[in-house]
Amino acid sequence: MSGVVYTVTAVDAAGQRQNCSGSIGCDLTTLQCGTDYNVTITPSRDGCVGRDSPTKMIKTVPCVPHLSEVEIDCLTNSAWVMFEESAGAEEYVIIATNSQGYEETFECNSTSEGMCSLPSLMCSKNLTFTLEARNQQCPSAQSNAVITETAPCPPSDINTSVDCNTGTISIDWMAIPGAVTYTATLEQINDGTYCCTTQNHSCNITDLPCGEMFILFVVAEGRTCNSTQSEGRIVRTEPCIPQNLKSSLSCSNNVASMSWNYSRGGQVYRVSAVSTDGHVDKCSSFENQCDLTGLSCGEYYTATVLAEDKDCLSKPSDSVTIKTVPCTPANVSLAVDCEDNTLTTSWTESSGADSYIATVRDSYGQTTSCQAMNEGSCNVTGLGCGQIFHVSVVSSDGYCNSPSTPMEDTPSVPCKPRLIQAVMDCFMRTATVMWYPADGALSYTVMASTASGHKVNCETNTTSCVLEGLLCGNSYSVSVTAVGWSCSSIAHMPGQLVTEPCIPEQITTEYSLSIGQVLWDMTAGADYYTVEGVTDQGQMVSCVTNDTYCAMYNFDCGQMYNINVTANNQVCEGTSISTEPASITTEPCPPQNVQTTVQCQSDAGGVSWEASFGAVGYEVSLAGRDGHSLSCSTNETFCTVEGLHCGVVYYTNVIAIGETINSDKSTTVLLVSAPCAAESVEANLDCDNNTAESPGAQPTEQTLTL
């Protein structure tokens, strides 16, 4: 309201009053901190004072506390803040400010004995602590500042390196703010500690035993506190040198089994073997043995073992010497002496060998061997025929044998063919030679030779062979040669191969009335001869003789006999037949079917007959009873005879004229000539039978019975 003045009165518990006036408000500026005031407002105007307002209690700002001390718990890096309590404070807030100006506040609800505990603070911090007192309305101004340091942080980024030769471990880490010195400690797993202290952020720990495992801790030491230990780190010194290295060589595979005693600190063991020519073989193992599988044959190796962990290798152990298996001989070659039946095995001498053994196994599984000392060959004698020999060679140093060479095969001398037989094919003029198979033979060669040097041969891969080109009338010595890969063996057939007789030649014939004789030259190989004369009609005469001539009988007339002379021996009969033409032509047969005719009106008569084979002409003979005879010759099968006596009976024969011999006379027939003419004819008539008879004349005979 206009003109009204208000008076504000604040009274503390001690009765101290503070006033201020104003029409719409006023400030009480002299109030004490941390005090409770009862406040009333009284209005007045122009000297008229109104009633007081209801009393209202207010609290002033808490007084500024005094920070006495800040203590750091080095183990937990927590803090104890000690201060003097301030009036009006209901709670306190501790403000920690680091060197970078970052503030962190902590409420302290408990004011017991002017002390407040703070949780773990960040390590390695330079902190300025101040304190505020607060009530429900206001905070006090910040107290005085106390500066302190937290414990250094535990060292981090720790690195270690092991000098594998000197037993020294070098340690370094990141510098820690607030740290004055550092101590690195190696705690041995079994017992004992080793340490180094430095103001730097690295140090060395020397003279450490080999093969040990340590846990490394690093502590940063500050002005008031030390850090907690760094995170434990396992550190190992170099492994100890393995002891008692041994080797054992397996002759079967040229593998050296290496063994040794476990060494402290060894996680992996590595064996190295170096030969005299520089070849290196290695093996490794987590155990105390491993195998060297890549050794060269025939060498001396010097082997050592060393232990290894993730950082170091130990020094090599004492060495051992390994003598490996002798090398396998090379360039194996086989040679069979076909005459002596000896097998010579040759090879190139191999490294590391003192002696060699060649093993020979035959087709039946039987074995024999020969041995050579520092030489490149040996012999096996007395080989069986017809075998395939399988040969391998090993070298030896007296302790181990090398692996065998690849099996080499060679055949021995073939066995001789047995039970040789020769069969002559008389018609084909060939001979088949047969025998039992010979072991080891790839093929056969058959040779036949005469005493005069004529030879024929044939080749085959079966057990028979046909000899062609044999000479007739000869005896051949026959041999069969079994041909192998590199050798041959020969066997001779007992006895001789006798060929067929030669064909008879220079055949001549002679003939005389049913007896024929054949002659020829002597024929090679003939034991006897067979002579045959055969006509076209199949009539045959023959004879057998040991001479070069033969007489045959009972030839038929009028035939031509083709003459064959066959030479025979004990092997061939009836095959060596003469080929040159030869024949015997017999005398013609007497003409047959002789007939006569009379020409009654003349003194002539005719004679006819059948032709006789072989006749070159005919001769007809007529013999009359009155002693009169006539004849005629002709090439035809008839003949006319003139000058017959009348009334005479003629005995008529015909002879066939041959080239050399004439036939016998034909069967005699009668030819009755014409009757003579009647003389002094008289006739007597017989009236009774109507006939007439001439009494003075006699009838002429017309027939003749012989």
Side-chain angles (χ1 to χ4, degrees), residues 414-438 441 443-483 488-509 517-534 540 542-552 562-582:
C415 294
K416 292 182 178 182
R418 297 179 300 116
L419 301 178
I420 302 171
Q421 295 179 339
V423 177
M424 188 69 197
D425 186 331
C426 300
F427 292 97
M428 300 300 296
R429 308 299 200 264
T430 61
T432 299
V433 182
M434 298 167 289
W435 57 90
Y436 275 19
S443 63
Y444 301 90
T445 299
V446 179
M447 177 67 72
S449 59
T450 65
S452 61
H454 181 259
K455 295 180 180 180
V456 293
N457 64 74
C458 61
E459 296 180 356
T460 182
N461 55 8
T462 64
T463 56
S464 65
C465 191
V466 176
L467 291 171
E468 298 179 347
L470 297 169
L471 298 180
C472 63
N474 275 271
S475 294
Y476 285 85
S477 297
V478 177
S479 65
V480 179
T481 300
V483 181
S488 301
S489 60
I490 187 169
H492 297 277
M493 182 184 77
Q496 297 282 304
L497 168 63
V498 177
T499 61
E500 82 285 359
C502 293
I503 295 173
E505 296 178 340
Q506 302 299 322
I507 300 172
T508 59
T509 60
Q517 182 163 285
V518 182
L519 301 93
W520 57 90
D521 287 349
M522 182 173 289
T523 301
D527 293 336
Y528 67 96
Y529 302 89
T530 300
V531 182
E532 290 182 347
V534 181
M540 184 177 70
S542 64
C543 63
V544 178
T545 181
N546 294 328
D547 296 320
T548 57
Y549 57 90
C550 187
M552 294 180 288
N562 294 311
I563 303 301
N564 292 318
V565 180
T566 302
N568 303 286
N569 59 18
Q570 59 183 354
V571 174
C572 294
E573 294 182 344
T575 57
S576 297
I577 302 173
S578 60
T579 57
E580 63 181 70

Non-hydrogen atoms of [X] and [Y] that approach each other most closely:
{"X": "Met447", "Y": "Val456", "result": "SD-O, 3.4 Å"}
{"X": "Cys543", "Y": "Ala551", "result": "CB-O, 3.5 Å"}
{"X": "Ala491", "Y": "Ile420", "result": "O-CD1, 3.6 Å"}
{"X": "Leu419", "Y": "Tyr436", "result": "CD1-CE2, 3.5 Å"}
{"X": "Ser542", "Y": "Glu532", "result": "CB-CG, 4.0 Å"}
{"X": "Met493", "Y": "Gln421", "result": "SD-C, 3.9 Å"}

Can you find a pair of side-chain heavy atoms, one from [X] and one from [Y], that are under 4.5 Å apart?
{"X": "Asn564", "Y": "Val534", "result": "no"}
{"X": "Cys550", "Y": "Trp520", "result": "yes"}
{"X": "Tyr476", "Y": "Leu471", "result": "yes"}
{"X": "Asn457", "Y": "Lys455", "result": "no"}
{"X": "Met552", "Y": "Val531", "result": "yes"}
{"X": "Met424", "Y": "Val498", "result": "no"}
{"X": "Ser489", "Y": "Cys415", "result": "no"}
{"X": "Val446", "Y": "Val478", "result": "yes"}

Is there a donor-acceptor pair under 3.5 Å between the side chain of [X] and the backbone N or O of [Y]?
{"X": "Thr445", "Y": "Thr481", "answer": "no"}
{"X": "Thr575", "Y": "Phe427", "answer": "no"}
{"X": "Glu459", "Y": "Ser443", "answer": "no"}
{"X": "Ser576", "Y": "Pro501", "answer": "yes"}
{"X": "Asp547", "Y": "Tyr549", "answer": "no"}
{"X": "Asn569", "Y": "Thr499", "answer": "yes"}

With respect to Pro504, which candidate in Ile577, Val518, Val565 satisfies the side chain to side chain contact (heavy atoms under 4.5 Å, CB included) definition? Val565
By the definition side chain to side chain contact (heavy atoms under 4.5 Å, CB included), identify the one residue from Thr523, Thr530, Asp527, Val544 that meets it with Asn568. Thr530
Verify the distance criterion only: is there a donor paired with an acceptor across the side chains of Ser477 and Gln496 at less than 3.5 Å? yes
Look up atom [atom1] in [X] and atom [atom2] in [Y], then write down how far apart they are to the nearest 0.5 Å.
{"X": "Tyr444", "Y": "Ser464", "atom1": "OH", "atom2": "OG", "answer": "10.5 Å"}
{"X": "Thr508", "Y": "Gln517", "atom1": "OG1", "atom2": "CD", "answer": "8.5 Å"}
{"X": "Thr430", "Y": "Glu500", "atom1": "OG1", "atom2": "CD", "answer": "9.0 Å"}
{"X": "Glu505", "Y": "Thr579", "atom1": "CD", "atom2": "OG1", "answer": "7.0 Å"}
{"X": "Ser578", "Y": "Asn562", "atom1": "OG", "atom2": "CG", "answer": "10.5 Å"}

Kindly determine whether Lys416 and Trp435 satisfy side chain to side chain contact (heavy atoms under 4.5 Å, CB included), including the steps that lead there. CA-CA 10 Å; Lys416 292 182 178 182; Trp435 57 90; over 6 Å; no
